Asker: 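One structure coming up, written as structure tokens, with questions to follow.
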Amino acid sequence: MHISIITCLPRLLESPFNDSILKRAQTKGLVSVDIIDLREYATGKHKPVDDYAFGGGAGMVLMIEPIDKCITDLKSKRHYDEIIYMSPDGELFTQSVANELSLKKNLILLCGHYKGVDERVREHLVTREISIGDYVLSGGELAAAVVADAVIRLIPGVLSDETSALSDSFQDGLVAPPVYTRPAEYKDWKVPEILLSGHQARIEEWKHEQSLERTHKRRPNLLK
Ligand code: SAH
């Protein structure tokens, strides 16, 4: 998979892809991530990528021309399955959207900033709009990192134990059971005995019961 992230603030995306699972996924060649600086597609002496909103109102708007040039350039190099604009009023990002996107080959994630992007970008250039929740961020960069992270960890081979993505919350419509590690007793807080029993079948059964119980308590909507 290849992910191109278009941003006017590339530095905001430096660290999420340079550590841990996301970094290893790239080193293993399972995904490549390009952070593209919108400013490289700006024209004029000061290379502006934003301008005042027509009709007034506070806040700058990302201009259509650099975004169009950037997307056109990217599309000349590969076919993209989706061109996704990160937007607070977009389709809500869920594990099932992450699953769907993890099956795609190439994705563009477009980050807005300030007041957002010129509406014509949304009308003519993007294929999909995704929100990571009903709140407003300063820019799409953190949202794009969230989407890329959730998608990349689902690519087969990214997590060392393939089943560990499958046993995460939401994958099977349930939240995950609790997990524990050593020591088995800390202060007088004990790990559930069943987990130390070595009886794998009973442990699996216990985990499933815990998942159901927790889903019932915490996310009853998933059981509907
Ligand atoms: N004026 C816009 C908000 C702009 S926020 C409005 O009221 O809807 C600036 C940028 O941050 C947006 O263009 C978008 O790319 C990003 N952004 C903000 N909140 C987001 C969210 N919840 N999900 C995804 N992207 C978001």
Side-chain angles (χ1 to χ4, degrees), residues 1-17 21-22 31 33-42 46-75 80-104 106-154 168-170 219 221-222:
M1 173 183 278
H2 179 82
I3 304 179
S4 296
I5 307 182
I6 306 172
T7 167
C8 60
L9 289 159
R11 270 192 311 179
L12 283 179
L13 285 163
E14 264 167 28
S15 65
F17 298 100
I21 294 170
L22 300 193
V31 66
V33 180
D34 265 346
I35 313 293
I36 293 135
D37 187 352
L38 192 56
R39 216 162 287 275
E40 284 173 18
Y41 295 88
H46 300 293
K47 302 244 169 204
V49 290
D50 57 340
D51 208 335
Y52 294 100
F54 277 128
M60 304 298 276
V61 176
L62 290 185
M63 297 154 77
I64 189 166
E65 191 180 344
I67 296 177
D68 183 30
K69 284 189 171 150
C70 179
I71 290 176
T72 304
D73 184 33
L74 293 179
K75 279 166 69 176
Y80 283 94
D81 302 294
E82 298 274 18
I83 301 173
I84 301 167
Y85 172 51
M86 304 312 306
S87 180
D89 62 3
E91 156 193 13
L92 208 55
F93 189 58
T94 59
Q95 191 67 22
S96 91
V97 177
N99 279 321
E100 188 202 326
L101 293 179
S102 74
L103 302 174
K104 311 270 185 196
N106 300 313
L107 299 173
I108 291 179
L109 303 179
L110 170 64
C111 307
H113 219 88
Y114 316 112
K115 271 284 153 192
V117 297
D118 187 308
E119 187 65 17
R120 290 167 291 184
V121 169
R122 304 177 67 173
E123 287 167 359
H124 303 289
L125 302 179
V126 306
T127 60
R128 194 162 178 172
E129 302 188 328
I130 290 181
S131 164
I132 63 161
D134 286 351
Y135 41 79
V136 177
L137 304 164
S138 322
E141 289 75 13
L142 297 180
V146 165
V147 168
D149 183 316
V151 168
I152 292 170
R153 67 195 293 289
L154 290 172
D168 282 326
S169 290
F170 311 114
R219 293 287 190 281
N221 58 310
L222 294 177

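Atoms within each ligand, like the ligands themselves, are counted from 1 in listed order. Quick caveat, the model's predicted, so the values are computed rather than measured.
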Asker: Indicate the atoms forming the closest heavy-atom contact of Tyr41 with Ile36, along with that distance.
Answerer: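 It is CE1-CG2, 3.8 Å.
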Asker: Check for me whether Gly90 has a heavy atom closer than 4.0 Å to any atom of ligand 1.
Answerer: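 Outside the 4.0 Å threshold, so no.
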Asker: Got the closest protein heavy atom to atom 6 (C) of ligand 1, with its distance?
Answerer: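 Of every protein heavy atom, Pro88 CG, 4.2 Å lies nearest to atom 6 (C) of ligand 1.
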Asker: Taking only heavy atoms of Gly116, which atoms of ligand 1 are found under 4.0 Å from at least one of them?
Answerer: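 Heavy-atom distances to Gly116 below 4.0 Å select 13 (O).
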Asker: Show the nearest heavy-atom pair for residues Asp34 and His2, with the distance to one decimal.
Answerer: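 Nearest heavy atoms, Asp34 then His2: OD2-CE1, 3.5 Å.
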Asker: Just jot down the ligand 1 atoms closer than 4.0 angstrom to any heavy atom of Ala143, in number order.
Answerer: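 So the atoms of ligand 1 that pass are 24 (C), 25 (N).
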Asker: Of all the non-hydrogen atoms in the protein, which one sits nearest to atom 5 (S) of ligand 1, and at what distance?
Answerer: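 In this structure, atom 5 (S) of ligand 1 has Leu137 O, 3.2 Å as its nearest protein heavy atom.
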Asker: Would you name the heavy atoms of Val49 and Ala42 that are closest together and state the gap between them?
Answerer: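 Heavy-atom minimum between the residues: CG1-CB, 4.0 Å.
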Asker: Is there a heavy atom of Ile132 sitting under 4.0 angstrom from any atom of ligand 1?
Answerer: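 Yes, Ile132 has a heavy atom closer than 4.0 Å to ligand 1.
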Asker: Which of the atoms of ligand 1 are close to Ile130, meaning less than 4.0 Å from one of its heavy atoms?
Answerer: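 Here the atoms of ligand 1 in question are 24 (C).
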Asker: Would Leu110 count as a contact of ligand 1 if the rule is a heavy atom under 4.0 Å away?
Answerer: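 No.
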Asker: Would you say CG of Asp89 has more than 12 non-hydrogen atoms from neighbouring residues, nucleotides or ligands within 6.0 angstrom?
Answerer: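 Check passes, neighbour count above 12.
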Asker: Checking Ser131 side chain against Pro88 main chain: does a donor-acceptor pair fall under 3.5 Å?
Answerer: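 Such a contact is found between Ser131 side chain and Pro88 backbone.
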Asker: Regarding atom 25 (N) of ligand 1: of the candidates Ser87, Ala144, Gly139, which has the closest heavy atom?
Answerer: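 Looking at heavy atoms only, Ser87 sits closest to atom 25 (N) of ligand 1.
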Asker: Find out whether Leu101 and Ile84 are in side-chain contact, i.e. whether some heavy atom of one side chain is under 4.5 Å from a heavy atom of the other.
Answerer: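 Yes, close enough: below the 4.5 Å cut-off.
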Asker: Taking all atoms of both residues into account, what is the closest heavy-atom pair of Ala144 and Cys111, and its distance?
Answerer: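 Minimum heavy-atom contact is CB-SG, 3.8 Å.
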Asker: Leu62 and His113: which non-hydrogen atoms are nearest, and at how many Å?
Answerer: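 That would be CD1-N, 3.7 Å.
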Asker: Do me a favour and list the nearest non-hydrogen protein atom to atom 22 (N) of ligand 1 with residue, atom name and distance?
Answerer: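 Heavy-atom neighbour on the protein nearest atom 22 (N) of ligand 1: Tyr135 O, 2.9 Å.
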Asker: Kindly give the heavy-atom pair with the smallest separation between Tyr85 and Gly116, and that separation in Å.
Answerer: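 Heavy-atom minimum between the residues: OH-CA, 3.8 Å.
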Asker: Among all protein heavy atoms, pick the one closest to atom 1 (N) of ligand 1 and tell me residue, atom and distance.
Answerer: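 Here the nearest protein heavy atom works out to Lys115 O, 3.1 Å.
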Asker: Rounded to the nearest 0.5 Å, how far does CG of Leu74 lie from CG of Asn106?
Answerer: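 Here the interatomic distance stands at 10.5 Å.
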Asker: Tell me which protein heavy atom sits closest to atom 13 (O) of ligand 1, plus the residue, atom name and distance to 0.1 Å.
Answerer: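 Protein heavy atom with the smallest distance to atom 13 (O) of ligand 1: Tyr85 OH, 2.6 Å.
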Asker: Residue-level breakdown please: for Tyr114 versus ligand 1, do any non-hydrogen atoms fall below 4.0 Å on the side chain, on the backbone, on both, or on neither?
Answerer: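 It is the backbone that gets close, since no side chain atom is under 4.0 Å.
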Asker: Could you tell me, atom by atom, which parts of ligand 1 come under 4.0 Å of a heavy atom of Ser131?
Answerer: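 Those atoms are 22 (N), 23 (N), 24 (C).
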Asker: Specify the protein heavy atom at minimum distance from atom 14 (C) of ligand 1: its residue, its atom name, and the distance to 0.1 Å.
Answerer: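 Nearest neighbour among protein heavy atoms for atom 14 (C) of ligand 1, to 0.1 Å: Met86 O, 3.0 Å.
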Asker: List the closest protein heavy-atom neighbour of atom 3 (C) of ligand 1: residue, atom name, distance to the nearest 0.1 Å.
Answerer: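 Protein heavy atom with the smallest distance to atom 3 (C) of ligand 1: Val136 CG1, 3.9 Å.
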